[in-house]
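Excluded from the calculations below are hydrogen atoms, water molecules and symmetry mates; all remaining heavy atoms, backbone and side chain alike, are included.
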Amino acid sequence: MENSSGYKEYVAGLLAGVSTVVVGHPFDTVKVKLQKHNTEVNGIKYKSGLHCTTRILKTEGVKGLYRGATSSFIGMAFESSLIFGIYSQSKNALQGGIQNDKPQPSSIIPAAAFGGTIISFVLCPSELVKCRMQVQGTDSLVPNSSKYKSPLDCVAKTFKTDGVTGIFRGGFTTLLRESIGNAVFFCTYEHLRYYIHAKLKNSSHDPSNIVDIGVGVVTGGLSGIAFWSAVLPLDVAKTIIQTTQCKSSTRNPFSILKSIHTRAGLKGCYAGFGPTIVRAFPANAAAIVSWELAIKVLGIKRD
C-alpha cells in the first residue's frame with residue numbers, strides 16, 4: 001500500500017498516461033474504426049482488426065494510426081494523473097492511513113470507482129475529439145473523410161453545431177465505463193501484485209529491478225485486459241454516441257446496445273474486441289511499469 005505523497009502520485013500518473021498513448025494509440029484507432037463502421041446498418045465492413053490496420057497503413061501510412069493522438073495525449077495525461085492520484089489518496093483515506101498486508105476491496109473498489117467518475121469529465125471531451133478524428137481519414141473504404149482538419153477544428157465545429165453540451169456528448173456512458181472499469185482494473189492489479197510479491201518473498205531469490213518490471217508488465221497487462229473485457233460494450237455504445245452526427249439520435253447506451261445485439265448479436269456489442277485486447281496488455285503494462293518506476297524515483301513508499 002502507498003503512503004500519501006501529495007502531488008508526486010499525480011506526477012507518476014501523468015507519466016503512466018503518456019506511456020499508454022505512445023504504446024496503445026494505434027490499436028485504439030483500429031478499435032474505434034471497427035466500432036464505428038462495423039456496427040452501422042449499411043456501414044463499411046472491415047473483415048478484421050488486421051484488415052483495418054492494413055487499410056490504414058496502405059492509404060495513410062503510420063500517421064493514420066496516430067490520427068487523433070494530440071487530444072489523446074492531453075486527455076490521457078490528465079486522466080492518468082487524476083486516476084492514479086485520486087485512487088491512491090482516496091484508498092489511503094478510506095483505510096484511515098493504516099497499511100494492510102492484504103488488498104482491501106472495501107477501500108479499493110470505492111476509491112477506484114470515485115476516481116473513474118471524476119476522470120470521466122476529462123475523458124469525455126478528449127475522447128469525443130479523438131473518436132471523430134479517428135473515424136475519418138483518407139481510407140478509400142470510408143467516404144467523405146475530411147470533415148475535421150485538426151483537433152481544434154473538431155472542437156470549434158462541435159461547439160458551433162452542438163453548443164457547449166455537444167462536447168460532452170456520451171458523458172453518462174463514459175462515466176459508467178470508467179467507474180466500473182477502474183474498479184475492475186485496480187482490484188485485479190492490487191490482488192495480482194500482492195500474490196506475485198508474496199510468492200517472490202517466499203522464494204530464495206531477492207527481487208531485482210528487472211523482476212519488478214516483469215511484475216509490472218504482468219499485473220498491468222492482465223489488469224488492462226480485465227478492464228476492457230468488463231466494459232467494452234459500453235465503449236462501443238460511447239463510440240457510436242460520440243461519432244453520430246444526428247442530434248436527435250439516442251444517447252442511452254443500453255438502447256444502443258440492444259439495437260446492436262438485435263442486428264449483430266453479442267459479437268456486435270464487442271466490436272473491436274481483438275485490437276482492444278491486443279492493445280490492453282502492452283498499453284497498460286507500460287502504464288503500470290512507468291507508474292511504479294516513477295513512484296520509486298519520486299520516493300513514494302510502498303510495501
Side-chain angles (χ1 to χ4, degrees), residues 1-13 15-17 19-20 79-119 176-231 277 280-303:
M1 300 303 172
E2 303 88 2
N3 291 325
S4 181
S5 302
Y7 75 93
K8 293 181 180 180
E9 288 158 340
Y10 293 89
V11 173
L15 295 174
S19 298
T20 300
E79 177 260 330
S80 186
S81 177
L82 286 174
I83 187 61
F84 280 105
I86 292 173
Y87 167 71
S88 297
Q89 295 190 336
S90 296
K91 184 180 67 173
N92 187 64
L94 288 170
Q95 293 175 170
I98 300 174
Q99 295 186 12
N100 294 285
D101 291 337
K102 293 184 177 181
Q104 303 293 316
S106 60
S107 58
I108 295 171
I109 292 174
F114 174 63
T117 299
I118 297 299
I119 64 169
L176 285 178
R177 185 195 70 181
E178 290 303 309
S179 57
I180 296 170
N182 277 290
V184 172
F185 178 90
F186 281 106
C187 265
T188 304
Y189 166 70
E190 295 282 13
H191 282 85
L192 283 175
R193 181 178 180 274
Y194 170 77
Y195 286 113
I196 291 175
H197 277 287
K199 291 290 185 181
L200 291 174
K201 286 180 181 179
N202 293 330
S203 69
S204 58
H205 301 288
D206 293 328
S208 64
N209 289 332
I210 298 297
V211 171
D212 285 341
I213 291 174
V215 173
V217 169
V218 172
T219 56
L222 293 179
S223 298
I225 290 175
F227 178 110
W228 287 108
S229 297
V231 299
I277 294 303
F281 194 98
N284 287 281
I288 289 298
V289 169
S290 298
W291 183 52
E292 292 188 342
L293 288 176
I295 280 174
K296 285 186 177 182
V297 172
L298 294 170
I300 301 174
K301 295 181 180 179
R302 308 185 79 192
D303 286 348

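Taking CD of E178 as the reference point, atom CZ of F227 lies at 4.5 Å (rounded to 0.5 Å). Here I118 contributes atom CD1 and I86 contributes atom CD1; the two are 5.5 Å apart, rounded to the nearest 0.5 Å. To the nearest 0.5 Å, atom CG of residue L222 and atom CD1 of residue I196 are 7.5 Å apart. In this structure, CG on N182 lies 12.5 Å from CD1 on I109, to the nearest 0.5 angstrom.
Of all heavy-atom pairs spanning L298 and A12, the tightest one is CD1-N, 4.1 Å. Scanning all heavy atoms of the two residues, the minimum distance from P105 to P110 falls at O-CD, 3.7 Å. The two residues A16 and S290 have their closest heavy-atom pair at CA-CB, 4.0 Å. T188 approaches A226 most closely through the heavy-atom pair OG1-CB, 3.6 Å. Nearest approach of L176 to S179, heavy atoms of both residues: O-OG, 3.3 Å. The two residues Y10 and Q89 come nearest to each other via the heavy atoms OH-OE1, 3.3 Å.
In terms of modelled atom types and a separation under 3.5 Å, the side chain of S80 and the main chain of G13 share a donor-acceptor contact.
Residues W291 and L15 form no side-chain contact, since every pair of their non-hydrogen atoms from C-beta on lies 4.5 Å or further apart. A 4.5 Å side-chain heavy-atom check between V231 and V184 finds every atom pair outside the cut-off. No side-chain heavy atom of V215 sits under 4.5 Å from any side-chain heavy atom of E292. The shortest side-chain heavy-atom distance between H197 and D212 falls under the 4.5 Å cut-off. Counting heavy atoms from C-beta on, the side chains of I288 and S223 never come closer than 4.5 Å.
Applying the 6.0 Å contact sphere to CZ of F114 captures no more than 12 heavy atoms from other residues, nucleotides or ligands.
The only option from K91, E190, Q95 that meets the side-chain hydrogen bond (donor to acceptor under 3.5 Å, both in side chains) definition with S107 turns out to be Q95. The one candidate from F185, F186, Y7 that meets the ring pair (Phe, Tyr, Trp, His ring centres under 6.0 Å) condition with F84 is F186.
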